[in-house]
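In what follows, chains carry the letters A, B, and so on, assigned in the order in which the sequence lines appear, proteins first and then strands, with residues in each chain numbered from 1.
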Amino acid sequence: MLRHFDKPLFIAVIILCGIGIAMTYSATITTIDLADYWQRQLLFTLLGAIALVTAALFDYRHLELLAQPSYFVLLASLAAVYLFGEVKGGARRWLDLGPTDVQPTEFGKFLLIVFFAWYLSRFQERIRSLPYLLGAAVLVLVPLGLVYVQPDLGMTVTLAFISGTLILINGVRLLHVLLVAFAVTAVPVWLAIQGTLQNYVQDYMVERIAIFLDPASNPDAAFNVQQALISIGNGGWIGMGWGEGSQNQLHFLRVRHTDFIFSVIAEELGYLGAVLIMGLLFFVIWRLIRIADLAQDQFGRLITLGVAALIFFQTFVNVGMNLAIMPVTGMTLPFLSYGGSSLVSMMVAVGLAQSVVMRHRKMDFS
Amino acid sequence: MNERATRTATSTSIIVRLTLLATFIVFCVRLYGLQIVRGANYQEQAAVNRLRTIDLYAPRGVIYDRNGEILARNRPSFVITVIPADLPPNDITTPVNEQRIALERLLAALGADTDPEIAIRIAEVMFLHLGREDFKDTVGTAGITLEFRLVNLETLQINDEGREILVEVPTLIPDLSDPLPAAGLLALLERAVALGSQGSSYKPVSILDLVDREQAFRVAEQTYQLPGVHVLQKPVREYPFRELAGHVLGFLGPIPKLAAEDYKAGGYDNPNESVGLNGLEYTYQDALRGQPGRRIIEVDILGRESRSVSTERESEPGLNLHLSLDIHLQQVMHDALARQLEKTGAPHGVALAMDPRDGAMLGLVSLPSYDNNIFSEGLGEEYQALEVEDDTRRPLYNYAIGGLYPPGSTFKLVTATGALAERVVDPYTVLVDRGPIYLPNFFFPDDPEQAQAFVSWNHKLNILHGSMTIVEGIGLSNDIFFYYLGGGYPNFMTGLGSERLAKWMRLYGFGELTGIDLPGEVRAFVPDEQWKRLTKAERWTTGDSYNMAIGQGDVLGTPLQVLVSTAAVANGGYVVKPQFVREMFDTQGNLQWQYEPVLQERIPVEPGLLAVVQRGMWHAVNGPAGTSGNSRVEGVTVAGKTGTAEFCAWDAEIQDCKDRDHEGNLPFHAWYTAYAPYDNPEIAVTVFVYSGGEGSTTAIPVAQETLNAYFHGTGDTAP
């Protein structure tokens with residue numbers, strides 16, 4: 001069983017985490033309040049590695065039993081947030097659990113992946129008929145609606161992307177896809193005609209889109225993006241060297257250890273370093289798709305693809321934002337951005353995929 | 001899994017992998033575009049972000065007197081500035097104004113809310129930045145009404161003849177003597193920052209200057225919490241002898257708006273740079289200033305310096321000036337003149353001392369004077385005008401070079417030289433003072449009642465000088481003698497007449513600037529026939545020649561011109577250019593510049609004849625009944641000439657000259673001009689007291705004390 005543990009995947013993840021620690025060090029060491037962040041990130045990496053191995057040893061097939069409860073846990077926690085949640089920065093996203101605040105959606109991603117993988121694999125054949133597809137749509141729209149009203153557009157889109165990917169990969173009729181696509185576009189248009197669209201769209205979302213389309217409308221956010229571009233361009237072929245990026249070290253680049261860690265990489269390690277690290281990230285996703293192909297059952301396949309979709313989506317949105325081809329969202333770069341819960345949950349996700357690949361032979365006598 | 005499902009799985013897997021690959025390639029291409037294709041452009045922007053060019057202060061040159069006493073130096077002082085680009089920008093998505101909060105915090109850190117002195121000074125600095133109109137408007141928008149004062153502002157204009165003249169324009173300026181409320185100060189700061197952001201927003205904008213070391217350090221410690229705030233060193237010019245040499249040294253101030261373009265063309269990039277606005281500080285501005293250096297530093301996003309990258313240009317300290325002025329002699333002259341002004345109640349006066357051999361100025365006093373330290377910390381043109389307004393005697397005016405007065409009998413040196421050189425008389429010619437002489441009226445030559453009387457000063461005292469040669473004529477300052485020299489007398493003798501008087505007046509340097517190294521010198525036209533026809537539409541009469549011969553009528557000159565004419569008599573006929581600065585040294589003590597005395601072509605008079613004029617001046621001091629006996633100095637032979645010049649200060653209200661005495665006589669200026677030693681002159685002195693009365697009583701004591709101090713020491717220095 002251990003023989004099938006995906007070592008290249010594991011090594012790639014550990015290298016990415018190591019680079020994440022190094023870049024966190026570079027991005028925070030000149031700020032007194034953040035000077036110990038690299039040590040914390042190191043600790044999170046160690047915890048994450050343990051969690052990864054633990055998840056790999058755990059047989060993912062037991063999760064099928066937990067699929068339905070996990071959906072209700074997801075709904076319950078979102079409902080709790082809706083009713084009793086903490087408000088931070090104008091959004092109700094946190095639950096106060098004594099010593100620490102928890103953001104249920106961080107783990108909700110996995111609950112949703114597990115539940116959806118179960119639902120789709122359970123009704124894999126029947127999903128081709130419309131009622132089951134609509135059932136899936138309703139099941140996903142309920143938690144999505146609760147996340148949307150928090151409000152958390154980034155997470156809503158992430159969850160929608162993951163669910164959508166899983167449904168598509170599981171197989172649907174082209175006609176149904178067109179129907180859904182029509183509904184998705186028709187509803188906002190209908191609301192717009194009714195003049196009630198703005199009741200459903202949060203102000204800050206409109207603002208973000210507006211800033212993306214016209215950066216001058218918010219000088220502060222435009223400043224961050226502009227500084228990110230300058231940092232990236234400043235790197236050139238081989239970069240200014242680790243700990244030597246002027247945009248990073250002199251703090252022209254803001255939120256540099258989380259949202260804009262990729263700009264720090266591009267500035268200090270240059271084009272070659274940035275492409276290499278991007279290559280590592282895509283290699284991780286590639287290996288996950290390989291695992292999905294090897295999976296012995298549809299449940300394992302969908303879980304792995306859900307994880308791959310999650311990592312791909314976050315990478316795509318974060319790097320896209322750094323490269324100014326996507327609007328600004330607070331989405332982190334997997335394995336590289338500073339942050340404990342994001343890192344640990346990503347490693348658990350990779351551990352689940354390892355669990356799938358380790359058990360991909362139905363009979364294993366070794 | 002059935003076969004169809006497997007096929008589907010394989011094809012989706014391929015699609016997914018292709019999507020992945022495509023995304024990766026798109027990102028790589030985009031990254032290539034940013035980092036490689038447009039890399040140079042972004043690297044330049046990154047350099048703009050982090051690199052700042054800062055001016056390195058070049059210490060202004062020190063000014064020394066002839067004995068090495070420091071007359072002008074630099075006192076350390078600090079300025080609190082903000083760099084607009086480094087202030088937190090106002091985030092429009094938040095209800096609060098971040099920039100305003102930062103400025104409020106700065107005001108609190110400076111203590112503007114608790115210390116009225118600081119609040120006043122901040123307002124003054126803002127006034128300098130914004131100018132009158134903008135200051136008024138900005139404070140107005142904050143809902144605060146200002147008190148105003150009316151001053152007459154001198155502005156340079158071009159008159160009809162195309163010459164520059166000073167015109168007084170009544171102007172309202174805000175009264176800054178009370179502290180503004182915090183809202184007003186905040187509005188001013190915001191306005192100054194907004195203006196600063198328009199140009200190069202990395203240029204520091206001064207908020208508070210004249211900050212002492214202690215307070216500067218206190219603010220510097222807080223700059224961690226005050227992004228964009230910088231403490232810069234900016235020394236203040238200090239004049240230890242205060243008003244003693246105010247007119248010689250001048251003062252500094254911000255570049256005047258009228259001349260801003262000229263200064264910019266001359267390499268003065270900062271419009272608020274302090275430059276010499278008067279005196280030697282003005283004349284030698286470029287030498288004293290040196291060259292400010294330039295350094296490139298790296299700053300972080302808060303604008304704090306992280307390291308110095310390179311020095312683009314070293315700053316070059318200004319040159320030190322060494323003057324011929326003797327500050328202790330200046331002190332004696334100042335005190336003596338001040339005493340005489342007090343005694344006579346005269347509004348102003350001048351005392352001058354110069355080495356007649358090369359024009360080296362030993363002293364220049366123009367009273368009232370001013371403490372030039374006030375202007376180093378001052379508020380620029382408008383508030384200088386305020387100072388002037390407060391003192392009707394106009395202390396900023398340098399009467400020694402800026403005042404034109406009838407030279408009176410001191411002009412007889414010119415007339416005498418001309419008459420001898422032109423052979424109107426010879427040294428032995430005897431003329432007789434028999435009392436007033438009468439010129440027949442031009443239109444009624446046969447009516448003695450219409451004849452015009454010309455008297456000599458001694459006639460009023462019932463004294464007749466009788467017969468005399470030119471030596472006694474000068475010594476006694478007999479006017480009748482000089483009337484004959486100037487205008488002759490019908491059927492008796494031919495005088496110099498208008499043209500020759502004007503010629504000799506010009507030869508002695510009247511009508512031209514002396515060329516002293518001080519700004520603001522004026523000159524008068526030499527009156528001659530053509531001048532009179534053009535300006536007064538009258539013909540020149542013998543009476544005009546009479547008046548001109550004794551330095552009255554339309555003859556005008558500055559006290560400095562009288563000094564130069566005296567020096568020309570003393571040095572054997574050379575008109576010299578008066579000069580204060582003898583040498584300039586760099587900070588290493590190397591001589592960089594030395595003054596070469598400028599002697600004009602010798603006045604064309606035989607030395608023997610000029611010696612007669614000298615003898616006349618000797619006679620005035622040392623001869624029997626000489627006018628200037630009181631100017632004798634023990635052990636040294638002095639030669640001198642008094643002057644008592646009638647003048648008319650026309651008052652339009654009473655349609656007459658002001659200050660006539662009870663008999664209707666006009667008031668007099670007191671003059672005395674002298675040199676010593678007689679045989680080998682080292683010093684020439686001229687004293688002038690406006691409306692001072694008799695030259696012999698008012699002006700001579702000042703000259704005597706000056707000469708005495710020069711030859712016998714001031715008590716402070718060896719002779």
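- The two residues T23(B) and F316(A) have their closest heavy-atom pair at CG2-CD1, 3.4 Å.
- To the nearest 0.5 Å, atoms CH2 (W286(A)) and CZ (R17(B)) are separated by 5.5 Å.
- For the options V319(A), V275(A), L229(A), heavy-atom pairs under 4.5 Å to chain B are most numerous at L229(A).
- Side chains of F27(B) and I325(A) form a contact here, defined as non-hydrogen atoms less than 4.5 Å apart.
- For chain B, no part of Q249(A) is nearby; none of its heavy atoms comes within less than 4.5 Å.
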Tell me, with the steps shown, if V299(B) and L250(A) meet side chain to side chain contact (heavy atoms under 4.5 Å, CB included).
-> CA-CA 7 Å; V299(B) 295; L250(A) 298 172; over 6 Å; no
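- The environment of CD in Q233(B) is crowded: more than 12 heavy-atom neighbours from other residues, nucleotides or ligands sit within 6.0 Å.
- For chain A, no part of R38(B) is nearby; none of its heavy atoms comes within less than 4.5 Å.
- Aromatic ring orientation, Y32(B) versus W237(A): perpendicular (interplanar angle above 60°, classes split at 30° and 60°).
- One distance of note links OG of S246(A) with CG of D300(B); it measures 11.5 Å at 0.5 Å rounding.
- Residues N234(A) and Q45(B) have side chains that never bring a donor and an acceptor to within less than 3.5 angstrom of each other.
- In terms of heavy-atom proximity, A324(A) sits nearest to R30(B) at CB-NH2, 3.9 Å.
- Of all non-hydrogen atoms in D293(A) and S13(B), the two that sit nearest each other are OD2-OG, 2.8 Å.
- G235(A) and Q35(B) get closest at one heavy-atom pair: CA-NE2, 3.9 Å.
- Counting heavy-atom neighbours within 6.0 Å of L21(B) CG, excluding the residue itself, gives a total above 12.
- Heavy-atom distances place the side chain of E298(B), and not its backbone, under 4.5 Å from chain A.
- At a 4.5 Å heavy-atom cutoff, the contact between F262(A) and chain B is made by side-chain atoms alone.
- I285(A) CD1 to F24(B) CZ: the interatomic distance, rounded to the nearest 0.5 Å, is 10.5 Å.
- Going from atom CZ of F282(A) over to atom CD1 of I25(B) covers 10.0 Å, rounded to the nearest 0.5 Å.
- Of the atoms belonging to T165(A), not a single heavy atom falls under 4.5 Å from chain B.
- Contact of the Y42(B) side chain with the S231(A) side chain is not registered, since no non-hydrogen atoms from C-beta on lie closer than 4.5 Å.
- Only the side chain of I36(B) comes within contact range of chain A, judged by heavy atoms closer than 4.5 Å.
- Counting heavy atoms from C-beta on, the side chains of I230(A) and N49(B) come closer than 4.5 Å.
- Of the two parts of F312(A), only the side chain, counted from C-beta on, holds a non-hydrogen atom closer than 4.5 Å to a non-hydrogen atom of chain B.
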